[in-house]
Amino acid sequence: MAYDVSRIRSLFPSLESGWAHFDGPGGTQAPRAVGDAVASVLTGPLSNRGTIGESEERAEAAVHGFRLAMADLLDAHPRGIVHGRSATQLVYDFSRHLARDWEAGDEVVVTRLDHDANVRPWVQAAEHVGATVRWADFDPETGELSTDAVSAVLSERTRVVAVTAASNLIGTMPDVPAITAAAHDAGALVFVDGVHYTAHELPDLSVLGADFFVCSPYKFLGPHCGVLAARPDLLETIMPDKLLPATNVVPERFEFGTLPYELLAGVTAAVDVLADLGPDASQAAESRRGRLMASYAALHHHEEGLRARLEEGLAALPGVTMWSRAMRRTPTLLATFDGHAASDLTRSLAGAKVLAPSGNFYAIEASRRLGLGDGGGLRMGLAPYTDADDVERLLDGLAAALAA
């Protein structure tokens with residue numbers, strides 16, 4: 001049975017608007033089940049966490065369910081799942097936590113490929129303690145970030161290597177397992193930005209080798225928040241600044257203030273939707289992780305087919321330059337067109353109810369390295385609900401805009 005995109009599209013009330021959404025890399029549409037889960041927790045009996053009465057128990061269940069769901073999605077331990085307002089906030093928090101043990105002369109490695117959320121917090125943390133920042137460059141001709149490029153800037157003083165699992169600008173997926181192995185050989189921790197990666201590839205933290213892995217549920221059908229995953233024993237070694245009466249238990253010691261129970265329930269619902277995307281996913285395995293594996297395999301096949309058609313159609317357009325060139329990449333394409341500002345094309349496409357944003361999308365180092373300055377290009381990203389009609393509408397809209 002083929003991937004049933006019509007069934008999947010029926011799960012998303014927003015698609016009734018008639019818009020074709022290629023803005024998934026900035027945030028996907030949310031299925032009805034996610035909104036229902038948020039509303040149910042928020043409007044039902046709800047208090048702070050505890051064991052006295054239904055309202056406290058519902059809050060406790062929301063937190064427990066969230067940690068289990070994200071552990072299944074990331075193949076992590078539930079006690080290693082930390083909630084945050086956003087991935088950016090979590091990187092800032094943990095860069096400060098870890099920098100407390102750094103000294104002048106220590107080194108941090110960041111890459112030109114990454115979203116600035118996995119660059120600037122480390123650069124600033126290093127500046128505050130007098131540590132040195134080492135930059136790993138990618139090849140602008142191929143879009144590849146090689147393991148050698150990272151290894152070349154490692155030393156015995158490297159404390160952290162911050163690297164993306166997938167570029168949100170051009171889709172490049174570096175060889176993270178090889179990079180983490182090299183970093184660990186140098187005695188460094190590895191902080192992986194999995195925000196864009198998780199929307200298209202099912203993470204396995206043990207395979208990736210990440211010490212820390214961050215992602216954003218709103219990039220994969222969920223509500224707006226961030227999640228960090230790490231080994232519980234590693235989190236036990238990190239002591240953040242916190243309020244005196246706040247718990248010292250891991251992972252709660254890193255979650256400041258009252259948790260948004262309704263958003264946590266929404267994240268759990270999003271993971272459950274992901275687990276049932278594929279054909280016969282519900283029968284594929286008894287475990288949610290097993291269903292996720294089946295669903296992601298089906299999703300990957302669906303998105304790769306659409307990507308091939310989109311790339312073929314874009315290549316036939318006049319004056320196009322495709323910047324997504326890596327051998328392994330997500331179905332997210334960045335393009336520029338001679339004589340046409342990307343922002344103008346975004347506005348023209350909007351007239352046909354096609355949403356394809358333009359810019360650098362906070363991957364400012366990558367945009368500058370590609371020679372695109374801060375303006376970036378036109379980004380087109382596929383999502384679980386994208387269908388062949390959406391792709392043809394995008395291509396037709398671009399052809400019309402370029403001919404005008």
Side-chain angles (χ1 to χ4, degrees), residues 37-38 41-74 76-102 117-118 120-122 124-125 128-129 159-160 162 189 191-195 205 210-218 222-268 270-271:
V38 171
V41 169
L42 188 59
T43 61
L46 185 65
S47 301
N48 284 333
R49 298 170 65 181
T51 59
I52 301 175
E54 181 183 3
S55 59
E56 291 189 354
E57 292 171 349
R58 282 167 57 85
E60 194 71 43
V63 177
H64 182 65
F66 158 77
R67 298 206 202 282
L68 289 176
M70 286 305 304
D72 284 344
L73 181 66
L74 305 180
H77 194 288
R79 287 188 58 243
I81 300 296
V82 180
H83 169 271
R85 185 183 64 80
S86 66
T88 300
Q89 176 249 307
L90 285 165
V91 183
Y92 263 116
D93 282 352
F94 275 81
S95 67
R96 291 164 179 159
H97 300 335
L98 296 175
R100 294 173 64 162
D101 296 328
W102 299 348
N118 204 31
R120 216 56 49 188
W122 302 108
Q124 292 164 352
H128 292 158
V129 300
R159 296 295 171 257
V160 171
L189 295 170
F191 199 104
V192 174
D193 175 358
V195 171
L205 266 61
D211 297 295
F212 304 93
F213 183 95
V214 289
C215 60
S216 301
Y218 72 98
H224 289 81
C225 59
V227 176
L228 177 140
R231 299 188 318 277
D233 64 302
L234 176 57
L235 293 178
E236 292 282 3
T237 67
I238 304 169
M239 183 56 66
D241 291 328
K242 65 179 187 64
L243 302 182
L244 183 60
T247 182
N248 197 37
V249 172
V250 166
E252 282 88 344
R253 72 168 66 161
F254 301 102
E255 296 168 334
F256 308 129
T258 302
L259 288 168
Y261 307 119
E262 65 278 9
L263 296 187
L264 302 187
V267 172
T268 301
V271 174

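Hydrogens, waters and symmetry mates are skipped; everything else that's a heavy atom, side chains included, is used.
By the 4.5 Å heavy-atom criterion applied to side chains, His128 and Trp102 are not counted as neighbours. At a threshold of 4.5 Å between non-hydrogen side-chain atoms, the residues Met239 and Asn248 count as touching. Between Arg79 and Leu235 the shortest side-chain heavy-atom distance does not fall below 4.5 Å. Residues Leu42 and Tyr261 form no side-chain contact, since every pair of their non-hydrogen atoms from C-beta on lies 4.5 Å or further apart. The closest side-chain heavy-atom distance from Glu236 to Arg253 is below 4.5 Å.
Taking each heavy atom of Ala265 and Ala37 in turn, the nearest pair found is O-CB, 3.7 Å. Between Pro217 and Cys225, the shortest heavy-atom distance links the atoms CD-O, 3.1 Å. Residues His97 and Pro240 come closest through the heavy atom pair CE1-CB, 3.2 Å. Across all their heavy atoms, His83 and Leu90 have their closest contact at O-CD2, 4.1 Å. Closest non-hydrogen pair, Met70 versus Val271, comes out as SD-CG2, 4.1 Å. Among all heavy-atom pairs drawn from Val38 and Gly266, the shortest one is CG2-CA, 3.8 Å.
Under a 3.5 Å cut-off, the side chain of Glu56 and the backbone N or O of Thr51 do form a donor-acceptor pair. A distance-only check finds no donor-acceptor pair linking the side chain of Ser86 to the backbone of Gly226 [under 3.5 Å].
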* Would Arg159 and Leu98 satisfy side-chain contact (heavy atoms from CB on, under 4.5 Å), going step by step from the backbone distance to the final call? -> CA-CA 9 Å; Arg159 296 295 171 257; Leu98 296 175; over 6 Å; no
Query - Stepwise side-chain contact (heavy atoms from CB on, under 4.5 Å) check, Leu243 with Phe256 - result: CA-CA 8 Å; Leu243 302 182; Phe256 308 129; over 6 Å; no
Glu255 and Arg67: salt bridge (Lys or Arg N to Asp or Glu O under 4.0 Å), yes or no, with the steps?
CA-CA 13 Å; Glu255 296 168 334; Arg67 298 206 202 282; 2.8 Å; yes
Please assess Phe254 against Asp93 for the test side-chain contact (heavy atoms from CB on, under 4.5 Å), listing each intermediate value before the final yes or no. CA-CA 9 Å; Phe254 301 102; Asp93 282 352; over 6 Å; no
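Applying the side-chain contact (heavy atoms from CB on, under 4.5 Å) test between Val227 and each of Ile81, Leu264, Val82, Val195 identifies Ile81 as the sole match.
Taking the ring pair (Phe, Tyr, Trp, His ring centres under 6.0 Å) definition, one finds that Phe212 meets it with Phe94, Phe191, sequence neighbours left out. Residues passing the side-chain hydrogen bond (donor to acceptor under 3.5 Å, both in side chains) test with Arg100 are Asp241, sequence neighbours excluded.
Of the inter-residue distances, the one linking Leu263 atom CG with Arg85 atom CZ reads 12.0 Å to the nearest 0.5 angstrom.
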